[in-house]
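What you are looking at is a predicted structure, and each value in this text was computed from that prediction instead of being measured. Index from 1, following the sequence.
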Amino acid sequence: MSAPVGYRTATPEDLPSLRSTWAEAFPATDVTTLWATDPGRFARTFVAVRDGRVVAAVHYLPRRLRAADGTVDRVGGVANVATRSAERGQGHVRRLLEQALAAMDVDGCAWALLFTGTPAVYLGSGFRTFRLGYPSGRPAPPTVPPPGWTVRPGSWADWPDLAPLHRAFNAHRPLSTVRDDHDWRHRVPAWYAPPAELLVAHRHGEPVGYLVRERSAGLVRVVEVAGGVDALRALFGTVATTAHADRTVRCVARLPADPVVGAALPWLLRDPVPEVDETGMVRPVRADADRLAATTGAPGAFHWPGDYL
């Protein structure tokens, strides 16, 4: 007979088996890197333990997200959900989510957010999916920036210049994260680490916009932008020009339905077609379901990959 399973918050003594559990579930990603930057990580990590060994885990991190009414909500971002293969199907994640959601309530979180490729795991815990639409298509014809404009590679050491651009571009965007210094120093560089590339648009030497792209054989994905229409046109034109040089046949603009993006999009895409991302899920904690539906369904609502948990 196997030993019973206990459910509790993690302790530093759990770290070796916690790392092992995550390594089994996420073999291509070291999820402990970002987790380790959370000063309250042990109290916000809930584990199922059998024979002194972690067999399942759920972590949440409080985040500040913009709501549809223009206010900012405290949101529990769920991440690092994992169960060892031999322990699956026993309800560990459901029980751990119950504990995490109760802690979020005490923590003052209005709702919970997660991203997953296995939404069925969370439906029984009250989470519901939402849709984010974006376009894709063939790269637009090559162009060059107008006189006085340059586009050149950047690095996340440029964050003091980029943070105000991001803040202005998303000031009224539902579902977007209000980034702080910690986000710019740790989370954003981790999610947009190489081979992702940062391009910065300058006008007369002043940074006025930026773009993050990911390139692979025959494909380029634009995953974050900020700036005005002219800055985005310069950035999009640079991406399209490089795409033609790389013989890229498809460009994905994982960007919001935003008037500024729409005005610049012809410099990036030819014959755009709609795509849908349904990996996001939300659940009320203190807020009601109508507030969440209004936020996730608002025009221009978007959550950038650089803010994933």
Side-chain angles (χ1 to χ4, degrees), residues 10 12 15 18-19 22-23 26 28-45 57-67 72-81 104 107-109 112-115 151-202 205-215 221-227 231-232 235 254-256 280 302-309:
L15 191 53
L18 186 58
R19 287 180 180 273
W22 283 334
F26 311 108
T29 306
D30 179 12
V31 301
T32 60
T33 300
L34 282 179
W35 175 81
T37 68
D38 173 16
R41 57 191 176 277
F42 289 107
R44 289 193 281 261
T45 301
V58 169
H59 174 241
Y60 88 89
L61 181 69
R63 307 284 280 158
R64 297 175 65 225
L65 269 70
R66 298 175 177 89
V72 175
D73 286 346
R74 185 173 175 88
V75 175
V78 179
N80 299 3
V81 179
M104 288 182 205
D107 203 6
C109 294
L113 169 73
L114 61 84
F115 290 85
V151 174
R152 55 178 182 261
S155 76
W156 289 107
D158 298 323
W159 76 265
D161 295 326
L162 303 183
L165 298 174
H166 173 86
R167 185 164 54 248
F169 190 68
N170 296 284
H172 306 289
R173 190 177 311 287
L175 201 59
S176 65
T177 299
V178 181
R179 291 178 181 169
D180 58 20
D181 179 83
H182 182 274
D183 295 323
W184 283 102
R185 290 185 179 276
H186 298 285
R187 308 197 69 82
V188 175
W191 281 113
Y192 296 149
E197 301 168 287
L198 172 67
L199 301 178
V200 181
H202 296 79
E206 184 75 17
V208 292
Y210 72 86
L211 174 151
V212 181
R213 69 178 173 187
E214 300 170 347
R215 290 192 282 176
R221 297 178 73 245
V222 177
V223 296
E224 181 167 318
V225 299
L232 295 192
L235 289 160
R254 197 193 178 286
L255 305 172
F302 215 71
H303 195 80
W304 302 105
D307 295 312
Y308 284 174
L309 279 299

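In this structure the side chain of Arg187 reaches within 4.5 angstrom of the side chain of Leu61, judged on heavy atoms. The closest side-chain heavy-atom distance from Thr45 to Leu18 is below 4.5 Å. Residues Arg44 and Pro62 form a side-chain contact, since some pair of their non-hydrogen atoms from C-beta on lies under 4.5 Å apart. Side-chain contact between Val188 and Glu224: absent, with no pair of heavy atoms (C-beta onward) separated by less than 4.5 Å. At a threshold of 4.5 Å between non-hydrogen side-chain atoms, the residues Leu114 and Val81 do not count as touching.
Ring geometry for Trp159 against Trp184 counts as parallel: the plane angle stays under 30°, on a 0 to 90° scale with 60° as the upper cut.
Judged purely by atom type and a 3.5 angstrom limit, Ser155 uses its side chain to pair as donor or acceptor with the backbone of Ala157. Without hydrogens or angle criteria, Arg213 side chain to Glu197 main chain gives no donor-acceptor distance under 3.5 Å. In terms of modelled atom types and a separation under 3.5 Å, the side chain of Asp180 and the main chain of His182 share a donor-acceptor contact.
The nearest pair of heavy atoms linking Cys109 to Gly76 is SG-N, 3.7 Å. Of all heavy-atom pairs spanning Val200 and Leu235, the tightest one is C-CD2, 4.1 Å. Considering every non-hydrogen atom in both Arg66 and Arg167, the closest pair reads NH2-O, 4.4 Å. Looking at every heavy atom in both residues, Thr37 comes nearest to Thr33 through CG2-O, 3.5 Å. Nearest heavy atom pair, residue Tyr308 against residue Trp191, reads O-NE1, 2.8 Å. Between Val223 and Pro305 the shortest heavy-atom distance is O-CD, 3.5 Å.
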Go through it in stages, so that I can follow the logic: the residues are Tyr192 and Leu198, the test is side-chain contact (heavy atoms from CB on, under 4.5 Å), and I'd like the CA-CA distance, side-chain angles, deciding distance and then a yes or no.
CA-CA 8 Å; Tyr192 296 149; Leu198 172 67; over 6 Å; no
Going through the checks in order, is the side-chain contact (heavy atoms from CB on, under 4.5 Å) test met by Val78 and Val58?
CA-CA 7 Å; Val78 179; Val58 169; 4.1 Å; yes
Going through the distances and angles, do Trp304 and Arg179 end up as a side-chain contact (heavy atoms from CB on, under 4.5 Å)?
CA-CA 11 Å; Trp304 302 105; Arg179 291 178 181 169; 3.9 Å; yes
Given the rule in the side-chain contact (heavy atoms from CB on, under 4.5 Å) test, do Phe169 and Val225 qualify, once you have shown the distances and angles that lead to the verdict?
CA-CA 9 Å; Phe169 190 68; Val225 299; 4.1 Å; yes
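Ion pairing between a basic and an acidic side chain is recognised when a charged N comes within 4.0 Å of a carboxylate O; Arg63 and Asp183 show such pairing.
At a cut-off of 3.5 Å, with distance as the only test, a side-chain donor of Tyr60 or Asp107 sits close to an acceptor on the other residue. Using modelled atom types, one finds no donor on one side chain facing an acceptor on the other under 3.5 Å when comparing His303 with Asp307.
The distance from atom NE2 of His59 to atom CZ of Arg41, rounded to the nearest 0.5 Å, is 8.5 Å. Atom CH2 of Trp156 and atom CG of Leu162 lie 5.5 Å apart (nearest 0.5 Å). Interatomic distance, Thr177 OG1 to Leu113 CG, rounded to the nearest 0.5 Å: 7.5 Å. Atoms CG and CG, from Leu34 and Asn80 in turn, are 8.5 Å apart once rounded to the nearest 0.5 Å.
Within a 6.0 Å radius of NE2 in His172, other residues, nucleotides and ligands contribute 12 heavy atoms or fewer.
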